Structures are given as C-alpha cells and as structure tokens.
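Okay, handing you the structure first.
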Protein chains: 2
Amino acid sequence: MEDVAGLAGVSAMTVSRVLNAPEKVRPETRARVLAAVQELGYRPNFAARSLVTGRSGVLGVVSMDTTLYGPASTLYGIERAARQHDYLVSIASLQALTRRSIAEGVERLRSQSVDGVIIIAPHESAAEGLRHLPKDLPVVDVGGGEGVPVPVAAVDQASGAARATRHLLSLGHRTVWHLSGPANWIDASGRIRGWRSALEAEGCEIPEPLVGDWSAQSGYEHGRRMAHDPEITAVFAANDPMSLGLLRALREAGKRVPEDVSIVGFDDVPEAAYFWPPLTTVRQNFGEVGGQALQLLLDRIGGVEGDVRRMVEPELVVRESTAQRR
Amino acid sequence: MEDVAGLAGVSAMTVSRVLNAPEKVRPETRARVLAAVQELGYRPNFAARSLVTGRSGVLGVVSMDTTLYGPASTLYGIERAARQHDYLVSIASLQALTRRSIAEGVERLRSQSVDGVIIIAPHESAAEGLRHLPKDLPVVDVGGGEGVPVPVAAVDQASGAARATRHLLSLGHRTVWHLSGPANWIDASGRIRGWRSALEAEGCEIPEPLVGDWSAQSGYEHGRRMAHDPEITAVFAANDPMSLGLLRALREAGKRVPEDVSIVGFDDVPEAAYFWPPLTTVRQNFGEVGGQALQLLLDRIGGVEGDVRRMVEPELVVRESTAQRR
DNA sequence: TTTCCGAGTGTTTGCGATAACACTGCCGCT
DNA sequence: AGCGGCAGTGTTATCGCAAACACTCGGAAA
C-alpha cells in the first residue's frame with residue numbers, strides 16, 4: 001500500500017480511502033491512485049483489513065450431507081445470495097447432526113472468524129445443538145423446527161403436504177396413505193402434520209403412516225407391501241426418491257400408476273418429470289430459502305434482533321402420476 | 001492473549017508457543033497456560049495470525065453447478081479431506097465456465113487470501129481459463145482434460161466407458177450405441193473415446209453417437225427415436241439421468257429392458273438401483289477424486305512442482321438393465 | 001572451578017490495514 | 001478583515017499475533 005501511495009504521490013491513508021470510501025477523495029487524486037494500484041497490481045491484504053475492522057466478509061454454512069438434493073440446492077442458493085452481497089461462503093460438513101458435531105462445525109468456522117453462520121439442520125436432534133450456541137455469533141437456521149432460539153428460514157412443509165393431500169382427495173380418493181420420512185426429521189414431521197390435517201379437514205380416515213428413510217430403497221420395500229392392499233389408491237410419499245422406489249414396486253406387482261394407484265412425491269428433483277409416469281410432486285424452492293436465510297443472517301449481523309421465521313410456500317406440480325379414482 | 005499470559009504468569013510469547021509448538025514449553029508451564037486459556041475462553045485471532053504467518057488455512061473451490069450429483073459429491077469429498085488436514089473450504093460457484101467467470105471466481109477467493117484453489121471444471125472452455133491463472137497461487141483442477149497447465153485429479157472416463165461397452169459386447173450385442181453428453185464437456189468426450197476404442201478393439205461397427213445434454217429429458221427424446229430402430233439392442237448412456245429418460249421412452253414404446261434393449265448408465269447416482277429395471281452403470285468415486293485433488297493441492301502449497309495427473313478408476317456395477325442379446 | 005550449551009522463556013519488532021484525530025486551504029459569512 | 005466550517009489529505013496509534021533475537025539458569029564437559 002505504501003508503494004502505491006508513493007507512486008500516486010499521496011499517503012497510504014488516501015489509498016485506503018480510495019478503496020473503501022471513494023467519494024471522500026477528489027476524483028483526480030482517486031484516478032491517480034487507481035492507476036498506481038493497476039500498475040503495481042496491488043491487492044489489499046485481507047488479513048490486515050479484517051484484523052483492524054473486526055469483520056471478515058466470510059459466512060459459514062454448517063450442513064450434514066451436501067450431497068442430497070435439498071441441502072445442495074440450499075447451499076447453492078445461499079452462495080448465490082452471498083455473492084451478491086459481497087460475502088464469501090465457507091462450509092463445514094458434518095457426519096451427524098448431534099449437539100456435539102454442530103458445536104464442532106460452528107467452532108471450526110468461528111476459528112476462521114466468519115461473520116455469521118447458517119446451519120442447515122432439518123433434524124430434531126439439532127435443536128438441542130442450536131440452543132447451546134455462542135451468543136456472540138449471529139446464527140440462522142434453515143429448515144429448523146419450532147422453538148428454535150434463532151431465526152429460521154424454511155419451506156412450509158405442512159402446507160406443501162396439505163396441498164398434495166388435497167389434490168389427491170379432490171381426485172375422488174377416499175383417503176390418502178402416507179409414506180413418511182424418518183422420525184426426528186423436521187421435514188418428515190411437518191409433512192405428516194400437513195397430510196394429517198388435510199385428511200382431518202375432510203373427515204377422512206387417517207391411516208397409520210409408513211415410515212421410510214428417504215431412500216428409494218425404503219420406498220421400494222414399502223411399495224411391495226402396499227401393492228397387495230386394494231384399499232390403497234392414493235399415496236403421498238415424503239420425497240421423490242421414495243416415490244421412485246414406490247413406482248417400481250407397484251409396477252413390478254402389476255399395479256398401474258396412476259390408473260390403480262395415484263402417487264404424489266415431494267421435492268421435485270430434476271428427474272421427477274422423467275420418472276415413469278412423470279411424477280406429480282411438491283416443488284420446494286430451495287434457492288429462495290437460501291436467499292431468505294442469508295437475508296436473515298445479514299440482518300442479524302447488522303444488529304437486528306428477534307426470533308423471526310421466514311416461510312417459503314412450496315408449489316404443487318401436477319404431472320401424470322395422479323388421476324381420478326376409478 | 002496478554003490476559004491469558006497474565007493469568008498464567010508468563011509472557012504472551014509463551015502462550016503463542018503453547019498453541020503452536022507445545023513441545024517447546026515445559027509441561028507444567030503448558031498446563032498453566034492451557035488452564036488460563038480455558039478459564040478466559042481465549043481464542044486466537046485468525047486475522048492477526050494469518051497476517052503474520054502469511055497463510056490462512058482456507059482453501060477455495062471454484063465450481064459451476066454444485067447442485068449436480070458429480071460436483072456436489074466432489075465438493076463433499078474435498079471438504080472431508082480438507083477437514084482432516086485442518087483446512088477450511090470456501091466456495092465460489094459460477095454461472096458459466098468461461099475464461100472470464102473462472103478468473104472472477106478465483107479472484108473472489110484470492111481476495112480472501114485462500115492458500116490454494118481447486119477448480120471443478122469439466123468443460124473444455126475452462127481450459128482456456130486455467131491457462132491464464134495467477135502463477136503465484138497453487139491451483140488444482142478436477143476432471144480437467146489433457147494439456148491443462150495445472151495438476152489434475154479425475155476419474156478415468158475412457159476406462160469406465162470402455163468397461164461399459166465391453167460388458168455389453170460380452171453379452172453378445174453386435175455393437176453398442178452411445179448417448180453422449182454435450183460436446184465440449186471433458187467427461188463427454190472421454191466417454192466417447194473409451195466407447196469408441198472398445199468397439200474398435202472388437203472390430204465392431206461404430207454408430208454415430210447421439211448427443212444429449214445430461215438431462216433426463218434429452219435421454220427421453222433420443223429414446224423415443226431409438227425405440228423404432230430394431231437394430232439397437234445395446235445403449236451406453238453417458239450418465240444416469242439420461243438413462244432414466246431413455247428407460248421411460250423405451251418402455252412407453254413397448255420395448256422391454258433388458259430383454260429387447262440393454263442399457264448401461266454412468267455415475268451410479270443413489271437412485272440408480274431403483275430405476276426400473278435397476279440400472280447397470282459405472283460408479284465414479286467422487287469422494288476419492290476430491291481427496292486426490294486435495295492432496296495434490298497440499299503438495300503444491302508445500303512447494304512440490306510438476307504437472308501431475310491422478311486418475312481414479314471407475315467401477316462397473318452390473319444390475320438388471322443389461323442382458324444377453326436374444 | 002570454569003566454560004559452554006541448550007532448554008525454556010522474555011523482549012522487540014513488524015505484518016498491512018483502518019480509525020481517530022489533526023492539519024491545510026479555500027469558501028462564504030458577518 | 002476575521003472567523004468558522006468543510007472538503008481533502010496526512011499522522012499516529014492500534015488491531016493480535018509470531019519471528020527473530022536476547023536472556024537466564026542449571027547441568028555436563030573440560
């Protein structure tokens with residue numbers, strides 16, 4: 001910086017100003033400095049800057065499995081939004097969502113002095129972890145449940161599930177079976193709640209939900225059993241991979257979809273439109289969730305207080321896996 | 001740090017030593033310092049440390065679409081490996097893989113003084129970008145093509161494609177059609193190369209490859225056309241989503257898989273085993289690639305020179321979408 | 001006994017930037 | 001003419017840490 005200042009014939013302070021508050025420097029001086037910066041290929045030293053300002057311009061994201069469609073898309077959305085606000089994103093992925101591992105991940109990020117952290121933790125065991133966070137660090141949760149002591153951005157799972165269920169009921173099905181996600185997952189219980197309340201609202205019988213583990217395999221296994229029950233004409237599966245397994249199991253057992261059984265999934269993964277038949281499913285706008293989470297975090301960093309929940313509405317995408325009951 | 005030193009009755013320098021080179025401090029002194037660190041909840045200041053050491057302990061990853069299975073898994077592998085080496089990972093995602101956008105992404109990371117960068121750029125247009133990188137920054141490329149001026153870690157696409165093709169030929173198919181990825185993708189051309197050379201080795205006719213765009217949709221569209229050609233009994237699709245589209249198109253047209261047409265995919269996404277029929281495909285170990293890339297980068301950071309290529313062998317996973325020709 | 005060595009610890013300095021404050025002219029007001 | 005104010009710039013102090021070098025002291029070697 002000293003060199004740049006020398007070349008431009010000004011003091012180091014002025015160089016700093018040109019970079020951080022250009023309007024405070026007379027245009028011609030500014031131009032000289034900028035030219036010097038160019039010529040010397042000067043780049044401000046990040047460490048020195050954040051040492052003195054106390055901020056780093058880096059945000060952290062803690063997540064469990066960034067390989068899954070949901071977390072990956074959310075992360076992507078966060079990164080995109082962060083870029084627009086001139087923040088960089090660092091990641092800490094976890095093996096499990098325990099209180100301990102969350103604390104570890106946050107700690108790793110914090111030791112690199114991130115300005116704030118977004119935790120993607122759609123699991124109930126994470127809530128505990130969220131309660132024991134350092135309170136001097138701005139934190140936002142994505143997809144978290146009720147009663148979490150930090151701001152939350154999430155898709156309204158219950159609403160999406162209710163839409164899916166009502167869609168099936170509107171097609172004349174007497175009730176809707178549910179292939180749920182594993183217990184303890186916030187998303188799973190939200191979807192169960194929405195499904196159940198939609199059935200209740202119509203006075204329908206509420207079957208016991210079948211519990212899967214998000215995998216296509218679990219959908220397949222449940223599907224094999226369900227195929228033998230002629231009562232089952234409509235199934236709401238809690239995600240698309242399970243729907244895929246379900247589709248295959250039903251087909252193998254000679255059931256036709258949607259003629260014999262209608263199926264609705266959840267997520268709208270890019271392939272869902274090319275399942276056979278194309279899957280009716282609930283689209284989650286993960287990018288939007290990521291953006292909202294980032295906004296909440298920036299607010300927190302900016303000193304805004306309060307526990308906020310930002311809910312994003314999902315959207316039912318009707319394709320060909322659902323049809324009028326016959 | 002001063003406070004910790006005071007509490008432990010030592011100088012600040014000793015505290016620093018306890019943290020960075022514990023063996024140079026007498027055990028009892030060390031214990032006193034550690035106790036003081038505990039008591040005061042002291043955490044070293046990252047900015048100050050990297051200001052004086054010149055290193056940040058942060059690596060950057062530049063990638064285009066971290067939502068896709070391949071890049072997402074690679075990123076995950078990199079992060080896991082980085083964690084083991086006490087590095088943190090920052091990400092910069094790109095809209096497109098042009099020379100300009102790559103330069104921008106690298107610049108964003110560099111301005112936060114990352115110690116090195118891994119670029120996930122399976123596109124030929126990226127090669128140009130890789131050629132114009134600042135040479136004072138350690139860079140490693142994942143999935144890059146030949147002639148790239150930086151170390152590369154990648155799956156051996158040609159080898160995987162050849163395996164897939166030989167598998168189909170060994171089942172008695174006279175030749176194998178190929179549904180390829182889009183031109184300009186390194187992976188796509190590698191797979192074409194492997195497929196072609198396997199056919200050549202057996203003296204088979206080499207059909208013109210059909211060019212898709214990785215999406216299930218493009219697989220579906222090509223599939224609809226292919227379904228009418230009775231000559232086509234074996235298809236090697238360049239990824240799993242295209243295989244999915246292909247499967248559906250063939251089924252819709254009344255073709256049976258694998259009885260009438262055998263199909264092999266590429267990737268082994270988690271759902272592949274639950275396609276209908278379960279997909280024979282080539283598994284890429286992205287985690288391994290990520291780990292190798294990280295190792296290369298650490299070598300570079302450590303001062304090791306030379307253009308290295310680390311190839312990871314893919315593996316053929318035989319399921320039920322392939323059968324003896326009838 | 002003296003000398004030397006080295007393990008363990010302290011002191012000083014500087015990393016590169018910004019914040020806070022101080023200075024310099026010039027302008028317009030009284 | 002004299003003063004205040006303000007835009008533009010410079011000076012100084014400081015952020016928290018580690019590198020380099022200096023010091024101390026006890027034990028081994030001469």
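Protein chains get the first letters and strands the later ones, always in sequence-line order, with residue 1 at the start of each. Values below: all heavy atoms of this structure, side chains included; hydrogens, waters and symmetry mates excluded. These numbers were taken from a predicted model, which means no experiment stands behind them.
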Residue pairs fulfilling ring-ring contact (aromatic ring centres under 6.0 Å, His included) with at least one residue in residues 96-138 of chain B, sequence neighbours excluded: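 Only B:His123-B:Trp185 qualify under ring-ring contact (aromatic ring centres under 6.0 Å, His included).
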
Whole-Å gap separating P (C:dG16) and CG (B:Asn45):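 Whole-Å distance recorded here is 16 Å.
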
Reference residue B:Ile119; test side-chain contact (heavy atoms from CB on, under 4.5 Å); the match among B:Leu94, B:Val61, B:Val106: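 With B:Ile119 as partner, side-chain contact (heavy atoms from CB on, under 4.5 Å) holds for just one option, B:Val106.
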
Which protein N or O atoms sit under 3.5 Å from an N or O of nucleotides 24-26 of chain C?
none

Pairs involving residues 32-48 of chain A, ordered by first then second residue, that meet salt bridge (Lys or Arg N to Asp or Glu O under 4.0 Å) (sequence neighbours left out):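 Every pair satisfying salt bridge (Lys or Arg N to Asp or Glu O under 4.0 Å) with a residue in residues 32-48 of chain A: A:Arg43-B:Glu107.
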
Salt bridge (Lys or Arg N to Asp or Glu O under 4.0 Å): pairs with one or both residues in residues 15-29 of chain A, sequence neighbours excluded: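 Only A:Arg26-A:Glu28 qualify under salt bridge (Lys or Arg N to Asp or Glu O under 4.0 Å).
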
Axial bend angle, the helix from C:dT1-D:dA30 to C:dT30-D:dA1: five-pair end segments, nearest 10°: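 Here the local axes at opposite ends form an angle of 40°.
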
Pairs flagged by salt bridge (Lys or Arg N to Asp or Glu O under 4.0 Å) wherever residues 135-147 of chain A is involved - sequence neighbours left out: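 Every salt bridge (Lys or Arg N to Asp or Glu O under 4.0 Å) pair that includes a residue of residues 135-147 of chain A, provided the two are not neighbours, is A:Arg110-A:Asp136.
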
Length of the CZ-P vector between A:Arg49 and C:dC15, whole Å: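 Distance, rounded to whole Å: 18 Å.
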
B:Thr98 and B:Ser101 side chains, donor-acceptor separation under 3.5 Å: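 Per modelled atom types, B:Ser101 and B:Thr98 side chains form a pair under 3.5 Å.
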
DNA chain C contacts made by residues 4-37 of chain A, counting heavy atoms under 4.0 Å: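 Heavy-atom contacts with DNA chain C come from A:Met13, A:Ser16, A:Asn20.
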
Non-neighbouring partners of B:Asn20 that pass side-chain hydrogen bond (donor to acceptor under 3.5 Å, both in side chains), sequence neighbours left out: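 For B:Asn20, the residues satisfying side-chain hydrogen bond (donor to acceptor under 3.5 Å, both in side chains) (neighbours in sequence not counted) are B:Ser16.
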
Heavy-atom side-chain contact between A:Val25 and A:Val33 under 4.5 Å: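 They are not in contact (no side-chain heavy atoms under 4.5 Å apart), so the answer is no.
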
Sugar-phosphate only, base, or nothing, as touched by B:Tyr42 at under 4.0 Å among non-hydrogen atoms: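 Sugar-phosphate, no base atom in range.
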
Atom-to-atom span, CZ of A:Phe46 to C1' of C:dA17 - whole angstrom: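 The distance from CZ of A:Phe46 to C1' of C:dA17 comes to 12 Å, rounded to the nearest Å.
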
Those residues that, when tested against A:Arg108, pass side-chain hydrogen bond (donor to acceptor under 3.5 Å, both in side chains) (two or more places apart):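 Applying side-chain hydrogen bond (donor to acceptor under 3.5 Å, both in side chains) to A:Arg108 gives B:Glu79.
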
Boundaries of the chain A footprint along DNA chain D (any atom under 4.0 Å from a heavy atom):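 With heavy atoms of chain A under 4.0 Å away, the range is D:dG8 to D:dG16.
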
Note, B:Phe46 side chain near B:Ser56 side chain (heavy atom, < 4.5 Å):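 Of all side-chain heavy-atom pairs linking B:Ser56 with B:Phe46, at least one is under 4.5 Å.
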
Which residues share a side-chain hydrogen bond (donor to acceptor under 3.5 Å, both in side chains) with A:Asp65, sequence neighbours left out: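 So A:Asp65 forms no side-chain hydrogen bond (donor to acceptor under 3.5 Å, both in side chains) with any residue.
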
side-chain hydrogen bond (donor to acceptor under 3.5 Å, both in side chains) involving A:Gln38 - partner list, sequence neighbours excluded: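 side-chain hydrogen bond (donor to acceptor under 3.5 Å, both in side chains) check on A:Gln38 returns nothing, list empty.
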
Sugar-phosphate only, base, or nothing, as touched by B:Met1 at under 4.0 Å among non-hydrogen atoms: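 Sugar-phosphate, backbone atoms only, no base.
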
Derivation of the side-chain contact (heavy atoms from CB on, under 4.5 Å) call for B:Val117 and B:Val114: CA-CA 7 Å; B:Val117 169; B:Val114 295; 3.7 Å; yes

